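Quick caveat, the model's predicted, so the values are computed rather than measured.
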Amino acid sequence: MQIILQQANFNDEKLRSYITKLTVNELNNLSQPCYYPDWKKHFYEIIHLTGLSEKDIKDFAKRFYSGTKSSVTMAKYGKVSQLQIDPGSNLLVILMYHFLQQKDQTTYSSLMIYHLIRQYGNFIRISLKFCKPEVFAYALNHLNPTHLFAREKTISNALFHLAEEMRKKYTASFISLNAEKISAMLYESRGRIAQSIKSFAATYYYYDEKGLGIGSPKEVEDGEDVYPEELDKTSRISESIANKICVYKEIDYKALDQAKSLTKVNISFATIIVNQLQDTSLTHDIKFILELFLKNVKSVNDICGKNFIPYVKRMMSIKRTTKEVYFKNEINKLLLKIIKGTKIESKYKNLTSQTQFQFNSFLAFYLTMYTRNLIC
């Protein structure tokens with residue numbers, strides 16, 4: 001690794017920006033049926049920002065994995081491990097190690113997520129060479145509940161979840177430069193993605209043969225039919241707002257003041273909560289929350305009219321439900337995530353349940369008012 005690092009000329013600032021925006025955009029784009037993440041054009045852009053050549057990376061791979069189990073096994077049969085010598089995978093491995101050395105956990109996490117996105121792109125192209133968006137959407141909505149894509153609600157969530165597992169399991173191996181375990185990470189991540197896509201493809205082809213998906217409505221939690229164009233519009237709006245908050249770090253001070261006045265949350269706490277939302281790793285959480293908010297809207301008056309505040313309060317007043325995913329619960333999960341490690345965390349834990357609810361309500365009102373102020 002030290003040889004390749006000496007050969008490199010990392011443009012850290014541009015690499016951070018490029019990788020972060022690329023990962024966020026790809027996660028958002030995966031909400032589109034039949035979306036195949038591209039890699040080649042990004043590979044050449046990223047490698048340019050490292051000052052390395054493709055040959056440098058191939059030479060690194062030969063040195064780094066020499067003696068690992070996979071390398072020895074393949075050599076025994078006169079073959080080469082294509083995964084271990086893959087320039088794309090190894091470029092990401094080098095960057096993961098580099099940014100860990102810089103103590104940049106955010107960029108390291110983005111790279112791990114993008115590694116999973118790239119593996120998804122490779123296998124979805126092989127499994128679905130010709131893809132019908134309407135069948136893809138129908139199959140995704142009718143997967144077995146235990147399937148990774150169904151269990152995590154979306155493909156983006158599934159890849160994010162797998163990346164988190166890989167990060168927790170293998171970060172120490174990157175820090176110690178354990179070639180055997182880094183090789184294991186490459187094989188494990190590829191295998192798990194391949195397994196999920198193989199199962200999804202089988203479902204896709206089953207429904208395609210049955211002629212399902214064309215004009216077939218989707219069903220939301222309350223049993224009402226929602227057609228694909230409506231879901232696409234909701235997804236686009238939610239994605240745009242999540243990007244404004246997390247990627248472009250835009251604060252709606254009007255929404256902040258309105259939410260603070262309604263919930264009586266201390267201004268310093270309210271400001272910390274809003275500032276903590278400016279984190280690209282939260283983009284998908286916020287997008288998902290806004291989708292839950294928008295998909296239950298019955299009329300424009302629920303957002304832009306006098307029904308807005310009662311509507312949000314109603315969504316935050318649910319006490320019992322059989323649904324695993326609902327607006328109030330997702331707000332609470334997001335709040336706990338953003339206050340972790342801040343000075344609010346210990347104070348929040350010692351608050352009464354009523355006061356904790358005020359914090360949750362503030363976050364709910366800020367995000368929905370942010371949305372209202374853009375739409376209305």
Output all residues satisfying ring pair (Phe, Tyr, Trp, His ring centres under 6.0 Å) with Phe64, sequence neighbours left out; order by chain, then residue number. Phe60
Please examine the side chains of [Y] and [X], heavy atoms only from C-beta on, and report whether any two atoms are closer than 4.5 Å.
{"X": "Leu116", "Y": "Phe160", "answer": "no"}
{"X": "Phe123", "Y": "Arg190", "answer": "yes"}
{"X": "Leu292", "Y": "Tyr326", "answer": "no"}
{"X": "Met315", "Y": "Tyr311", "answer": "yes"}
{"X": "Cys246", "Y": "Ile286", "answer": "yes"}
{"X": "Leu363", "Y": "Ile289", "answer": "no"}
{"X": "Leu143", "Y": "Leu148", "answer": "no"}
{"X": "Ile193", "Y": "Leu159", "answer": "yes"}

Side-chain donor-acceptor contact under 3.5 Å, [X] with [Y]:
{"X": "Thr50", "Y": "His98", "result": "no"}
{"X": "Asn144", "Y": "Thr146", "result": "yes"}
{"X": "Gln102", "Y": "Tyr108", "result": "no"}

How many angstroms lie between atom [atom1] of [X] and atom [atom2] of [Y], to the nearest 0.5 angstrom?
{"X": "Ser53", "Y": "Lys58", "atom1": "OG", "atom2": "NZ", "result": "9.5 Å"}
{"X": "Gln105", "Y": "Phe99", "atom1": "CD", "atom2": "CZ", "result": "12.5 Å"}
{"X": "Phe269", "Y": "Gln358", "atom1": "CZ", "atom2": "CD", "result": "12.0 Å"}
{"X": "Ser183", "Y": "Tyr170", "atom1": "OG", "atom2": "OH", "result": "9.0 Å"}
{"X": "Leu49", "Y": "Lys14", "atom1": "CG", "atom2": "NZ", "result": "7.0 Å"}
{"X": "Met185", "Y": "Met166", "atom1": "CE", "atom2": "CE", "result": "8.5 Å"}

With Asn243, which of Asn28, Asn25, Thr283 fulfils side-chain hydrogen bond (donor to acceptor under 3.5 Å, both in side chains)? Asn28
N/O donor-acceptor pair under 3.5 Å between [X] side chain and [Y] backbone:
{"X": "Thr23", "Y": "Ile19", "answer": "yes"}
{"X": "Ser17", "Y": "Glu13", "answer": "no"}
{"X": "Gln276", "Y": "Ile339", "answer": "no"}
{"X": "Thr371", "Y": "Leu367", "answer": "yes"}
{"X": "Tyr348", "Y": "Lys340", "answer": "no"}
{"X": "Asn332", "Y": "Lys328", "answer": "no"}
{"X": "Lys249", "Y": "Gln278", "answer": "yes"}
{"X": "Ser89", "Y": "Ile85", "answer": "no"}

Worked check of side-chain hydrogen bond (donor to acceptor under 3.5 Å, both in side chains) between His147 and Thr203: CA-CA 11 Å; His147 190 284; Thr203 303; over 6 Å; no
Over all atoms of both residues, closest heavy-atom pair of [X] and [Y]:
{"X": "Glu26", "Y": "Ile117", "result": "CB-CD1, 3.9 Å"}
{"X": "Ala139", "Y": "Tyr204", "result": "CB-CA, 3.8 Å"}
{"X": "Ile197", "Y": "Ile124", "result": "CD1-N, 3.8 Å"}
{"X": "Gly121", "Y": "Pro37", "result": "CA-CD, 3.8 Å"}
{"X": "Val265", "Y": "Lys260", "result": "O-CG, 3.2 Å"}
{"X": "Glu164", "Y": "Arg167", "result": "OE1-NH2, 3.0 Å"}

Same apolar cluster (I L V M F W Y, side chains within < 4.5 Å links), [X]/[Y]:
{"X": "Ile272", "Y": "Ile267", "answer": "yes"}
{"X": "Val247", "Y": "Ile113", "answer": "no"}
{"X": "Met369", "Y": "Leu374", "answer": "yes"}

Would you please test Asn275 and Ile251 for side chain to side chain contact (heavy atoms under 4.5 Å, CB included) and show each step? CA-CA 8 Å; Asn275 286 336; Ile251 294 176; 3.4 Å; yes
Taking the six-membered ring for Trp, are Tyr370 and Tyr366 parallel (under 30°), tilted (30 to 60°) or perpendicular (over 60°)? perpendicular
Just say parallel, tilted or perpendicular for the rings of Phe293 and Phe327, cut-offs at 30° and 60°. tilted
What about Tyr35 and Tyr120, are their ring centers closer than 6.0 Å? no
Go through the steps to decide whether Glu239 and Arg236 satisfy the test salt bridge (charged side-chain N to carboxylate O under 4.0 Å, His left out), and finish with yes or no. CA-CA 5 Å; Glu239 177 185 320; Arg236 286 196 303 272; over 6 Å; no
Taking atom [atom1] of [X] as the centre, does the number of heavy atoms from other residues, nucleotides or ligands within less than 6.0 Å exceed 12?
{"X": "Gln101", "atom1": "CD", "answer": "yes"}
{"X": "Lys62", "atom1": "NZ", "answer": "no"}
{"X": "Ile126", "atom1": "CD1", "answer": "yes"}

Report the C-alpha distance between Tyr207 and Asn141 in whole Å, list the side-chain angles of each, state the deciding distance to 0.1 Å, and finish with yes or no for side chain to side chain contact (heavy atoms under 4.5 Å, CB included). CA-CA 11 Å; Tyr207 286 125; Asn141 201 46; over 6 Å; no
Lys/Arg N to Asp/Glu carboxylate O, Asp59 vs Lys55, below 4.0 Å: yes
With the threshold set at 4.0 Å, does a side-chain nitrogen-carboxylate oxygen contact exist between Asp86 and Arg118? yes
Where do Ser268 and Asn266 land on the side-chain hydrogen bond (donor to acceptor under 3.5 Å, both in side chains) test, with the steps shown first? CA-CA 6 Å; Ser268 62; Asn266 182 288; 2.5 Å; yes
Go through the steps to decide whether Glu54 and Phe43 satisfy the test side chain to side chain contact (heavy atoms under 4.5 Å, CB included), and finish with yes or no. CA-CA 10 Å; Glu54 193 167 343; Phe43 171 74; 3.9 Å; yes
Mind running side chain to side chain contact (heavy atoms under 4.5 Å, CB included) on Met96 and Leu100 for me, showing each step along the way? CA-CA 6 Å; Met96 284 184 218; Leu100 272 178; 5.5 Å; no
